[in-house]
Protein chains: 2
Amino acid sequence: MNTEDPQAAGLAALAGLIADRTRAACLLALLDGRAWTAGELARRAGVAASTLSEHLGKLVAGGLLTEERQGRHRYVRLADARVAQVVEDLAAQVPAAVVRRPPRSLREASAGAAMARGRTCYDHLAGRLGIVLTDALTRRGLLRQDTGFALTDAGVEWFGAAGVPLDLGGRRPLARACLDWTERRPHLAGAAGAALCRRALEAGWCVRVGSGRAVAVTPSGERVFSDLLGVSRDDLR
Amino acid sequence: MNTEDPQAAGLAALAGLIADRTRAACLLALLDGRAWTAGELARRAGVAASTLSEHLGKLVAGGLLTEERQGRHRYVRLADARVAQVVEDLAAQVPAAVVRRPPRSLREASAGAAMARGRTCYDHLAGRLGIVLTDALTRRGLLRQDTGFALTDAGVEWFGAAGVPLDLGGRRPLARACLDWTERRPHLAGAAGAALCRRALEAGWCVRVGSGRAVAVTPSGERVFSDLLGVSRDDLR
DNA sequence: GTGACGCTTCGGCGGCGGCCGAAGTGCCAC
DNA sequence: GTGGCACTTCGGCCGCCGCCGAAGCGTCAC
């Protein structure tokens, strides 16, 4: 390369951090928005602890992850919402045919079904649950998807009325579309999506299922979503 | 890797296509939305024609590029707007400090200045020009950026009145934020951004400068943007 | 036809990077 | 202290991949 191009080099370096099967598996696992220990990730990815340690070093050095040492554990999480967005966006581009794979076992099948029903996607809700809520917001004129992706004034009010505080002054966009990779349609992300998810977990509208990203709606959540958004219970199961 | 994960493998493979300096340089060059020949890209990237041929093969096989053979030339372009978006988004994440580099020559400096003033970003307008237009749309209540990123009803009307036809039924979102890597702020992308750019070039409001992506506003364009959006001529120079 | 040109294929080279196991470091429990 | 555990560092192995030049193929100009 006679004429070195710093932008191309930077782009290649960034993509290179993701362009490894093991690191990609880590990033996807970390998309649940929580902190994992190095050991958990190593088991998940199926590589030796030493191998994973090196990968984490690269991801942290590259700014994709932040780490937090606690005793003999190294906790690691996605650095910020922008990193999560990049990983999501890229993951959403991989052809559906590649991702869809018949489950190997009953256990895997039911875990997959739970994820498809509802899960967190970094800091917001995804899966059928995410889509149902996003569609309900749209149907009620609270979110507009026809000319872009933004809350309406009524939508901002609705969040206030629902007891979901919105950070209006923040640098992060309030509403953003995130392509759902099970539903293949956009769901609500951004500050509003994060606030809704946080509130739903705090208030017990939803609970985490098992150890992973899967999320289920509680009876109280069904009532709330029905009252606030007219979502039928059948759509949430 | 004991438990193979098709999603991680797919993500890594996709990122791997971008994770090479030469291929990254090609993708960035192709972000101008036009078709390039293999030879042009080889010269641009500074590698042998044979090397570049192999890279193009991978990018085409991976679905990032489409090719069109004409005589002894192989024309290649980004496969679609989604690919452009992925490349843009990823490129926008590389730290500004890496990209900003003092120009080597007067020629390079003036080319850089022209690009910063105005350029195409795949199929829409970027650089100061893109930002000025996006801000003007926002100031006039035609585009809303405070609660997301979407055209208002008045905005949809404005496009009609300005003689810029919008495809309302299309699958592609009408308005989308694209992070400008010279201005570090979002400018208008999506179907509306593409329509505006197409109309501006057709109607002679803007013209391509030199051989590349740079775009300049013509006197007639200054008049139009002033009339339609209240943009001062000084902001366009 | 003849030569020039654009691109592709192939062989070979070199370097990078992912992987592991072994050894080492720090932390915790007992 | 003593052992166990989580993680890291190191050395070495292996395979992949980007690079080139040479040769080949099709197209275009004359």
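Keep in mind that the numbers below use all heavy atoms, side chains included, and drop hydrogens, waters and symmetry copies. Note on naming: letters A, B, ... go to the chains in the order of the sequence lines (proteins, then strands), and numbering restarts at 1 for each one.
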Please enumerate all residues that pass side-chain contact (heavy atoms from CB on, under 4.5 Å) together with Ala216(B), with sequence neighbours excluded.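 In terms of side-chain contact (heavy atoms from CB on, under 4.5 Å), with neighbours along the sequence ignored, Ala216(B) is linked to Val209(B).
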
With sequence neighbours left out, what residues match Ala203(A) under side-chain contact (heavy atoms from CB on, under 4.5 Å)?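 Partners of Ala203(A) by the side-chain contact (heavy atoms from CB on, under 4.5 Å) criterion, ordered by chain and then number, come out as Arg199(A), Trp205(A).
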
Find every protein N or O atom lying less than 3.5 Å from an N or O atom of nucleotides 9-17 of chain C, and list the pairs.
from    : atom 1 : to       : atom 2 : distance (Å)
dC10(C) : N4     : Glu54(B) : OE2    : 3.3

Using the test salt bridge (charged side-chain N to carboxylate O under 4.0 Å, His left out), find all partners of Arg171(A) that sit at least two apart in sequence or belong to another chain.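 For Arg171(A) there are no salt bridge (charged side-chain N to carboxylate O under 4.0 Å, His left out) partners, ignoring immediate neighbours.
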
Is it true that a side-chain atom of Arg128(A) and a backbone atom of Ala116(A) form a donor plus acceptor pair closer than 3.5 Å?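 Not a single qualifying donor-acceptor pair exists.
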
Test item: Asp89(B) side-chain N/O and Ala92(B) main-chain N/O as donor-acceptor pair under 3.5 Å: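 No, Asp89(B) side chain to Ala92(B) backbone: no donor-acceptor pair under 3.5 Å.
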
Enumerate the salt bridge (charged side-chain N to carboxylate O under 4.0 Å, His left out) contacts for residues 54-70 of chain B, please, sequence neighbours excluded, ordered by first and then second residue.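 Applying salt bridge (charged side-chain N to carboxylate O under 4.0 Å, His left out) to every pair that reaches into residues 54-70 of chain B, excluding sequence neighbours, yields Glu67(B)-Arg69(B), Glu67(B)-Arg74(B).
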
Distance under 6.0 Å and angle within 45° of the ring axis: does Arg213(A) meet both against Trp36(A)?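 No, Arg213(A) does not sit over the ring of Trp36(A).
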
Could you state the atom-to-atom distance from [atom1] of [X] to [atom2] of [N] in whole Å?
{"X": "Leu56(A)", "N": "dA6(D)", "atom1": "CG", "atom2": "P", "value": "15 Å"}
{"X": "Glu67(B)", "N": "dG6(C)", "atom1": "CD", "atom2": "P", "value": "18 Å"}
{"X": "Arg43(A)", "N": "dC7(D)", "atom1": "CZ", "atom2": "P", "value": "8 Å"}

Ion pair present between Asp180(B) and Arg119(B), side-chain N to carboxylate O less than 4.0 angstrom?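 Between Arg119(B) and Asp180(B) there is a salt bridge, with a charged N closer than 4.0 Å to a carboxylate O.
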
Let me have a per-nucleotide readout for nucleotides 23-30 of chain C, 5' to 3', with B, S or -, counting only protein heavy atoms under 4.0 Å. ---BBS--

Both Ala19(A) and Thr37(B) contact DNA chain C. Taking the nearest nucleotide for each, which residue is further toward the 5' end?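 Taking each residue's closest nucleotide, the earlier one in sequence belongs to Thr37(B).
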
